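Just so it is clear, the structure is predicted and the values come from calculations on it, not from any experiment. Position 1 is the first residue of the sequence, and the numbers go up from there. Atoms considered below: every heavy atom in the structure, side chains included; atoms not considered: hydrogens, waters and symmetry mates.
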Amino acid sequence: MVGEEGAFVLGWDEVLTEEELSMTLKVLCMSEEEFKEYKEQDGWEDDSDEEENSTLSNEALSRLKTPCKKLLYDSVLLTLESYGADLKAEQDLLNNKEAYEKLSRREQQALHVRYGQKRILHQLLELVQ
């Protein structure tokens, strides 16, 4: 369902791997009985047109059912815990010109990437609360 990387790609305005995330949330939020029935019906490719044409925009994420929101919320928290520093610490480092300039070019670039990733994850937390 998720692909080789085992991760979903989020952008500022929408989920970029929406099909994978949508299917994963659908399956993980099913009861065992619903899952068995869905699998027996070969329903993997036969979803309604409404579901196929819907995009996981930020607005759509905020309207997800409560179990899906909780699953996403908890997943984001786990992802944020895997980082060494929190968003504020990264922002403080970016704002501290002296400390920032002591970083190598590669470390500066990594800092920008981590900071951007964390901002997107924090935005997702707000959407699914």
Side-chain angles (χ1 to χ4, degrees):
M1 272 185 283
V2 179
E4 292 179 24
E5 293 81 30
F8 302 106
V9 181
L10 306 171
W12 285 112
D13 300 318
E14 65 187 14
V15 176
L16 302 176
T17 54
E18 62 186 277
E19 186 177 327
E20 292 89 347
L21 180 58
S22 188
M23 181 59 69
T24 300
L25 288 174
K26 182 176 185 174
V27 170
L28 292 176
C29 292
M30 286 180 180
S31 68
E32 185 177 346
E33 185 177 306
E34 289 171 324
F35 177 74
K36 284 180 184 177
E37 182 180 320
Y38 191 68
K39 191 174 174 184
E40 287 171 4
Q41 294 176 6
D42 294 324
W44 300 107
E45 300 295 329
D46 297 333
D47 288 342
S48 71
D49 290 336
E50 178 182 317
E51 288 179 8
E52 287 179 9
N53 294 327
S54 66
T55 61
L56 282 178
S57 65
N58 287 349
E59 183 181 332
L61 287 169
S62 66
R63 292 190 318 257
L64 288 172
K65 293 178 182 176
T66 302
C68 291
K69 282 183 171 184
K70 172 114 176 74
L71 182 61
L72 275 175
Y73 187 86
D74 291 345
S75 298
V76 169
L77 287 179
L78 284 171
T79 302
L80 286 169
E81 286 176 10
S82 70
Y83 287 97
D86 64 8
L87 183 66
K88 175 137 178 40
E90 303 281 15
Q91 188 172 17
D92 290 345
L93 184 54
L94 282 167
N95 292 332
N96 183 337
K97 187 176 180 178
E98 186 178 311
Y100 179 79
E101 288 178 353
K102 288 181 181 179
L103 299 174
S104 70
R105 181 76 178 136
R106 186 175 182 169
E107 290 170 324
Q108 290 173 355
Q109 291 172 339
L111 174 62
H112 284 281
V113 170
R114 282 192 317 270
Y115 180 70
Q117 290 172 339
K118 290 176 187 178
R119 285 187 53 208
I120 290 172
L121 291 170
H122 279 275
Q123 177 182 338
L124 182 56
L125 281 178
E126 289 177 19
L127 290 169
V128 297
Q129 275 185 331

| note | Between K69 and the options L127, L64, L25, the side-chain contact (heavy atoms from CB on, under 4.5 Å) test singles out L64

| task | Taking T17 for its side chain and V9 for its backbone only, find out whether a donor-acceptor pair lies under 3.5 Å. | result | yes

| What do you reckon, is CD of E59 surrounded by more than 12 foreign heavy atoms closer than 6.0 Å? | no

| request: Could you give me the CA-CA distance, side-chain angles and deciding distance for L124 and V15, then say whether side chain to side chain contact (heavy atoms under 4.5 Å, CB included) is met? | output: CA-CA 10 Å; L124 182 56; V15 176; over 6 Å; no

| query | Taking the side chain as C-beta and beyond, is there a heavy-atom pair between L10 and L121 under 4.5 Å? | reply | yes

| Donor-acceptor pair, side chain of N95 and main chain of Q91, under 3.5 angstrom | yes

| ILVMFWY cluster, F35 and M23 together (side-chain gap under 4.5 Å) | yes

| remark: Sorted by chain and number, sequence neighbours left out, side chain to side chain contact (heavy atoms under 4.5 Å, CB included) with E32 holds for K36

| query | Among pairs that include at least one residue of residues 103-115, which meet salt bridge (Lys or Arg N to Asp or Glu O under 4.0 Å), considering only residues two or more places apart or in two chains? | reply | E90-R114

| Remaining members of L94's ILVMFWY cluster at a side-chain heavy-atom cut-off under 4.5 Å? | L87, L93, Y100, L103, L111, Y115

| Got a sec, which residues hit salt bridge (charged side-chain N to carboxylate O under 4.0 Å, His left out) with D13, two or more places apart in sequence or on another chain? | none

| remark: Across all chains, not counting sequence neighbours, the side-chain hydrogen bond (donor to acceptor under 3.5 Å, both in side chains) partners of K70 are D74

| message | Is the shortest side-chain heavy-atom distance between L125 and L80 below 4.5 Å? | response | yes

| Which atoms form the tightest heavy-atom contact between C68 and C29, and what is the distance? | SG-SG, 3.1 Å

| request: State, with a plain yes or no, whether a side-chain heavy atom of L61 is found less than 4.5 Å away from one of N58. | output: yes

| query | Got a second to check how far I120's CD1 is from T79's OG1, nearest 0.5 Å? | reply | 12.5 Å

| message | To the nearest 0.5 Å, what is the distance between OG1 on T66 and CG on L71? | response | 12.5 Å

| said: Any side-chain to backbone donor/acceptor pair from S22 onto E19? Under 3.5 Å, distance only. | reply: no

| side-chain hydrogen bond (donor to acceptor under 3.5 Å, both in side chains) partners of K97, counting only residues at least two apart | none

| In Å and rounded to the nearest 0.5 Å, what is the OG1 to NZ distance from T24 to K26? | 12.0 Å

| Applying the 4.5 Å side-chain criterion to the ILVMFWY set and letting contacts propagate, would F8 and V113 be lumped into a single cluster? | no

